[in-house]
Number of protein chains: 2
Amino acid sequence: MAKRTTPGDPLSREQWAAQIAAFEEPHGARGARKTPLSIERILDTALQIVEGEGFDALSMRRVATALQTGPASLYAHVRNKGELDDLLIGKLCARVVLPTPDPRQWQRQIIDVCGQLREQFLRYPGISRATLATAPNSLDTLRVSEGMLAILLCAGVPAQSAAWVIDAAYLYVTAYSLESSLRNQPGPELDNRVLDRSETIERLNMLPANSFPYTVAHTHELTAGEGNDRFNFTLGLLFSDSLMSTSLSNQP
Amino acid sequence: MAKRTTPGDPLSREQWAAQIAAFEEPHGARGARKTPLSIERILDTALQIVEGEGFDALSMRRVATALQTGPASLYAHVRNKGELDDLLIGKLCARVVLPTPDPRQWQRQIIDVCGQLREQFLRYPGISRATLATAPNSLDTLRVSEGMLAILLCAGVPAQSAAWVIDAAYLYVTAYSLESSLRNQPGPELDNRVLDRSETIERLNMLPANSFPYTVAHTHELTAGEGNDRFNFTLGLLFSDSLMSTSLSNQP
DNA sequence: TAGAAGATAGAACAGTGTTCGTTACTAAAA
DNA sequence: TTTTAGTAACGAACACTGTTCTATCTTCTA
């Protein structure tokens, strides 16, 4: 029972206490142990935390304590915090269902895919920051990209236009979701830095009309679009019919 | 010389050493003192740090040590780190020059304004994250917004379309700059997670062609657009002629 | 000249990501 | 069955972060 590896000290007080504690609860804990943590379990609890408390609350320690362990244990399954973030957005992208391309309704199809992405990003507030903090090169994100590419190419959109507009749409969905998360998520405490609409309108009306004539004249329009309208409007601009005409500058 | 305010302890060892040090260098430091720090000085050094080392390197302590002081001293002029970030992007927005609206070349004008924003954001790598982390309600950002609104409204774009497309363009410029910063900034160490173009093409070619047919067929187009082409392409989509036709859904 | 106000710091607190070294356990080899 | 190698788990610590409390110091005003 005495340790044999290194001669060292004759068992410290904490070690002795730990041995006693382990001896005291041998019933179910010995056999079933503690359900060893895996990448799936880590990602699931991480997503749970983000869904409930926002992306800012997601720290290694927070995940670790939720799994009843220390932060160092996570590094056996995940290289970085950044890698954890990447895996999370990969998991979200994996949930997006891709349609079989139908050239007659390509706009509806691709806007629907973007809507699914938005839905996932808004469900986990702030998580889209992880998308903007790293290069989106995971296989799951590439799968979504491939699906969008298929829709556009089958519809007859030139390859260069398709590639670039997909990139633009992905960036927009990400930034939109992030900004939208700020407005809704903070939730509990209402004295946040992000104001609600009526407050924003009043503040805009306080601006000097000679310096900001157009702003004060259109406060209503500037603050509109809390629902899907603004989102769909922008996507409608990006995925317009003008994409079909190959009007790109003269380069390969 | 003995402290009078509160009786307390009779001068600690560190205090004693500090007094000695202050007594040892009375020559020029007494008269010229230390050039008291102001918001301008703080913002200038902060921008300098971001320009040279990126936004991630911008911490309160980093700014403070650059000003030869402690972090607590900054809080007399700035409420938060967040407020510092806001002031920084405000300073960048203040540099944007706004044209007097000319309806005949409204697209050139507004794309130029977006290009100026991009220029500022790329000069200070990663700083656009500050834009996405808070509500853009400072007067300087509103000034830019007003300028863009003026260009569009004078051109005859409906108010609701103008407001929404400006929002979309601002989000896109921000996200684009942030992603572009990742690719270029890391600079020094080349073994970053962001790959250069040839590496990316090779990686894409390794994908299974049956699962990613369109991606592997168009690796060139997917990785193109390192210059201004991709940026201008997207803005061309957002600020297209179709904006003039008021094709918004039937709501106020 | 005395007092009040405000800027400047030092020290500390509660967090963060990450690594080191040591245990504890599992599963394959002798 | 016993031994051994490999690896997951984990406690403790390091170097950071933003922020606040307190005390000192400077400077302007009455």
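Atoms considered below: every heavy atom in the structure, side chains included; atoms not considered: hydrogens, waters and symmetry mates. Letters A, B, ... mirror the listed sequences (proteins, then strands); counts begin at 1.
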**Q** Kindly write out the residues that satisfy side-chain hydrogen bond (donor to acceptor under 3.5 Å, both in side chains) with B:T219, not counting sequence neighbours, or none if the list is empty.
**A** none
**Q** Identify the heavy atoms of B:C114 and B:L235 that sit nearest to each other, and give their distance.
**A** CB-CD1, 3.5 Å
**Q** Looking at D:dA9, I'd like to know if its phosphate oxygens (OP1 or OP2) sit under 4.0 Å from a side-chain N or O belonging to A:T69.
**A** no
**Q** Taking only residues two or more places apart in sequence, or in another chain, which ones meet A:T215 in a side-chain hydrogen bond (donor to acceptor under 3.5 Å, both in side chains)?
**A** B:E146
**Q** For residues 72-79 of chain B, which residues have at least one heavy atom under 4.0 Å from DNA chain D?
**A** B:A72, B:Y75
**Q** Once side-chain contact (heavy atoms from CB on, under 4.5 Å) is applied, do any residues pair with B:S59, and if so which ones, sequence neighbours excluded?
**A** B:R61, B:R62
**Q** Show every donor-acceptor pair shorter than 3.5 Å between a side-chain atom in residues 165-175 of chain B and any protein atom, with sequence neighbours excluded, or say none if there are none.
**A**
unit_1, atom_1, unit_2, atom_2, d
B:D167, OD2, A:R230, NE, 2.9
B:D167, OD2, A:R230, NH2, 3.4
B:Y172, OH, B:T234, OG1, 3.1
B:T174, OG1, B:Y170, O, 2.8

**Q** Check nucleotides 13-16 of chain C against the protein and report each pair of N or O atoms closer than 3.5 Å, with its distance, or say if there are none.
**A**
unit_1, atom_1, unit_2, atom_2, d
C:dT16, OP1, A:S59, OG, 3.0

**Q** Could you state the atom-to-atom distance from CG of A:L37 to P of C:dC25 in whole Å?
**A** 15 Å
**Q** With sequence neighbours left out, write down each residue that passes side-chain contact (heavy atoms from CB on, under 4.5 Å) with A:S198, or none if nothing qualifies.
**A** A:D196
**Q** Looking only at side-chain N and O atoms, does A:N80 come under 4.0 Å of OP1 or OP2 in C:dG17?
**A** no
**Q** According to side-chain hydrogen bond (donor to acceptor under 3.5 Å, both in side chains), who are the partners of A:N205, at least two apart in sequence or on a separate chain?
**A** none
**Q** Does B:N228 have any side-chain contact (heavy atoms from CB on, under 4.5 Å) partners at least two apart in sequence or in another chain, and if so, which?
**A** B:R118, B:N232
**Q** Taking atom C1' of C:dG17 as reference, at what distance in whole Å does atom CD of A:E83 sit?
**A** 14 Å
**Q** ring-ring contact (aromatic ring centres under 6.0 Å, His included) with A:F231: which residues, sequence neighbours excluded?
**A** A:Y176
**Q** Please report the end-to-end axis angle for the helix from C:dT1-D:dA30 to C:dA30-D:dT1, five pairs per end, rounded to 10 degrees.
**A** 10°
**Q** Excluding sequence neighbours, so at least two apart, what forms side-chain contact (heavy atoms from CB on, under 4.5 Å) with A:T223?
**A** A:R197, A:T200, A:I201, A:L204
